[in-house]
Trainee: 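A single structure is presented below for examination.
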2 protein chains.
Amino acid sequence: MKAETKDFYIEQDKMYVATDCIIFGFDAGKLKLLIFKRRVEPQKGAWSLIGSFVKLEENVSEAAQRVLTEITGLKNVFMEELKSYGVADRDPGYRCISIAQYALIRVEDYDRELVEKHGAHWYDMKEVPNLVLDHNQMVADALERLKRKARYQPIGFELLPEKFTIPQLQQLYEAIYQKELDARNFRKKVLSHNVLIKLEEKDKSSSRRGAFLYKFDHDTYQQLLQSGYNFEIS
Amino acid sequence: MKAETKDFYIEQDKMYVATDCIIFGFDAGKLKLLIFKRRVEPQKGAWSLIGSFVKLEENVSEAAQRVLTEITGLKNVFMEELKSYGVADRDPGYRCISIAQYALIRVEDYDRELVEKHGAHWYDMKEVPNLVLDHNQMVADALERLKRKARYQPIGFELLPEKFTIPQLQQLYEAIYQKELDARNFRKKVLSHNVLIKLEEKDKSSSRRGAFLYKFDHDTYQQLLQSGYNFEIS
DNA sequence: ACAAAAGTGTTTTTTGTACACCCATGG
DNA sequence: CCATGGGTGTACAAAAAACACTTTTGT
């Protein structure tokens, strides 16, 4: 949108629109959150979600992708709108509404150097410190959403490497649901959907015997979706 | 927020924030949508959702309630955020993001005179005309949300009168799911939740025999929620 | 007496849950 | 040879789905 674009709504109020990212990761059997030290006043230096103001000429979703790439070096990350936070006095800096988005990233992929350069850190979800503004609320809301959503859509796979084992997948779901699951029933349920491709390789990093690696079958999943199928885990 | 409030973010872009309401009703066995003729340029006079710009000193949700009350005379209506629409060029008037909210109202309650005065009309969901901007997309998204949500939360009752019959409730769910349901199984399922209070009165408007009226039991529902219970219909 | 919608139970099928042992391997 | 996590099957319980007839009453 160029500066000379006609403004039809001149008598109305304008405000800032920001986007904040709740970045989830999964490492060592635990759900993690990526946060960093706020770089602008007010509350400069306090722990905060990663965010940015939305520019006049960019989509809100683009702004979120931009900031995520800036901090992690990753592109094409799973990201979805959580909700807006629009209370009038939520930001003491000036009237600003924020569109929160949650992202699921594969912790093995991100650019560690870049992340460190931005003063960002991974926190265990159970040990998240106080964050600025309403960011703790955003995190709580995002976790709720993740719990609900992971059940009916195969988004959990976004947190795992391309190739993963069934026990790893189970660990992930146990971390999300905060509940232990029966290994036999879990395996049965997951495999019954026919959206996992079993590979020849094994991952031996967590047992002598090794566990077979699987890949998520996006194509088959898309086809099944067309025919009115419903994914569900647990 | 007063005019002299300090602005910490002065070098950033400001834009308009609007809210648009997808107003659902249920009448004569059909899902309905309330829309009206747009009052401002551009596209003045075209069919549009009801919306408003958010003012500097009001919450986004307050803005939505304000506009809903203006048009229907109703207060304390069920309303929930759908999602934001933040594509940069979505509004040819000027950069404006919209936070869409969907509302469920009891069609018997609204102020007909007020609605008519604003040039608003109820359309059958299956016959919604072309709307301005991305409003048709909002409607489609809201309908999807309603379908998913009605299954796991008792929000359908917001569309019915305080007192309703089981066949009416079934009609409503059939309209939402766009699918016929078995009357015996439906009744069994609904009553099994123990959140309906059976009244002595009958509604004879749709049969000679008449059907017993019920009320939704909000208190019991809240109690059940506490104890980890999950509502589900169909 | 009949048309039209309300109300009621049982059987079958599907899905979820609980549960215990053998397997493969590296050290 | 043994410790460790990987992998498998069955029986029982619960929930969902299919299905048909009787009741009520205004006209």
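Remember, it's a predicted structure, so these values are computed and weren't measured experimentally. Chain identifiers are assigned alphabetically (A, B, ...) following the order of the sequence lines, protein sequences preceding nucleic acid strands; residue numbering begins at 1 within each chain. Just the heavy atoms: all of them, side chains too, but no hydrogens, waters or symmetry mates, feed the values below.
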Trainee: Hey, can you pull the residues of residues 183-195 of chain A with a non-hydrogen atom under 4.0 angstrom from DNA chain C?
Mentor: A:R184, A:N185, A:K188, A:K189
Trainee: Is it the case that atom CD in A:E108 sees more than 12 heavy atoms from other parts of the structure closer than 6.0 Å?
Mentor: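 Count over threshold, so yes.
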Trainee: From CD of A:Q168 over to P of D:dG6, roughly how many Å is that when rounded to an integer?
Mentor: 9 Å
Trainee: Check each residue of residues 170-178 of chain A for a non-hydrogen atom within less than 4.0 Å of any atom in DNA chain D, then write out the ones that pass by number, or none.
Mentor: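 Listed by number, there are none.
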Trainee: For A:D203 and A:S205, does a side-chain donor sit closer than 3.5 Å to a side-chain acceptor?
Mentor: yes
Trainee: Would one find more than 12 heavy atoms of other residues, nucleotides or ligands at under 6.0 Å from atom NZ of A:K189?
Mentor: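 Counting neighbours around NZ of A:K189, more than 12 heavy atoms of other residues, nucleotides or ligands fall under 6.0 Å, so yes.
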Trainee: Could you tell me if B:R112 sits above the aromatic ring of B:Y110, with its cationic atom closer than 6.0 Å to the ring centre and no more than 45 degrees from the axis?
Mentor: yes
Trainee: Within the supplied structure, the quantity of interest is the number of heavy atoms (other residues, nucleotides, ligands) at a distance under 6.0 Å from A:H121 NE2; does it exceed 12?
Mentor: no
Trainee: Going by distance alone, is a donor N or O of one side chain under 3.5 Å from an acceptor N or O of the other, for B:Y229 and B:N194?
Mentor: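 Side-chain D/A pair, B:Y229 to B:N194: absent.
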Trainee: By side-chain hydrogen bond (donor to acceptor under 3.5 Å, both in side chains), which residues pair with A:T220, not counting sequence neighbours?
Mentor: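 A:T220 satisfies side-chain hydrogen bond (donor to acceptor under 3.5 Å, both in side chains) with A:D217 once adjacent residues are dropped.
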Trainee: How do B:T165 and A:E232 order along DNA chain C: which one's closest nucleotide is nearer the 5' end?
Mentor: B:T165
Trainee: Rounded to whole angstroms, how far apart are CD1 on A:I166 and P on D:dG7?
Mentor: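 Between P of D:dG7 and CD1 of A:I166: 8 Å.
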Trainee: Whether the side chain of B:D134 engages the backbone of B:Q137 through a donor-acceptor N/O pair (distance < 3.5 Å, no angle test) should be reported.
Mentor: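 Not a single qualifying donor-acceptor pair exists.
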Trainee: Do the side-chain N and O atoms of B:E174 and B:Q170 include a donor-acceptor pair separated by under 3.5 angstrom?
Mentor: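 Per modelled atom types, B:E174 and B:Q170 side chains form a pair under 3.5 Å.
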Trainee: Taking the six-membered ring of B:Y177 (Phe, Tyr or Trp), confirm whether the NZ or CZ of B:R151 is under 6.0 Å from its centre and within 45° of its axis.
Mentor: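 Judged by the rule, B:R151 and B:Y177 form a cation-pi pair.
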Trainee: When rounded to the nearest 0.5 angstrom, what distance separates CD in B:E232 from OG in B:S192?
Mentor: 10.0 Å
Trainee: Using a heavy-atom cut-off of 4.0 Å to chain B, what are the terminal contacting nucleotides of DNA chain C, in 5' to 3' order?
Mentor: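 Terminal contacting nucleotides, 5' to 3': C:dA3 to C:dT10.
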Trainee: Search all heavy atoms of A:V17 against all heavy atoms of B:I97 and return the closest pair with its distance.
Mentor: CG1-CD1, 3.8 Å
Trainee: Output the rounded distance in Å from CG (A:L181) to C1' (D:dG6).
Mentor: 17 Å
Trainee: Name all residues meeting the salt bridge (charged side-chain N to carboxylate O under 4.0 Å, His left out) criterion together with A:E81; count only those two or more places apart in sequence or in a different chain, and write none if there are none.
Mentor: none
Trainee: Distances under 3.5 Å between protein N/O atoms and the N/O atoms of nucleotides 22-27 of chain D, please, pair by pair.
Mentor:
residue : atom : partner : partner atom : Å
D:dT23  : O2   : B:R209  : NH1          : 2.5
D:dG26  : OP1  : B:K204  : NZ           : 3.4
D:dG26  : N2   : B:R208  : NH1          : 3.0
D:dG26  : N3   : B:R208  : NH1          : 3.3

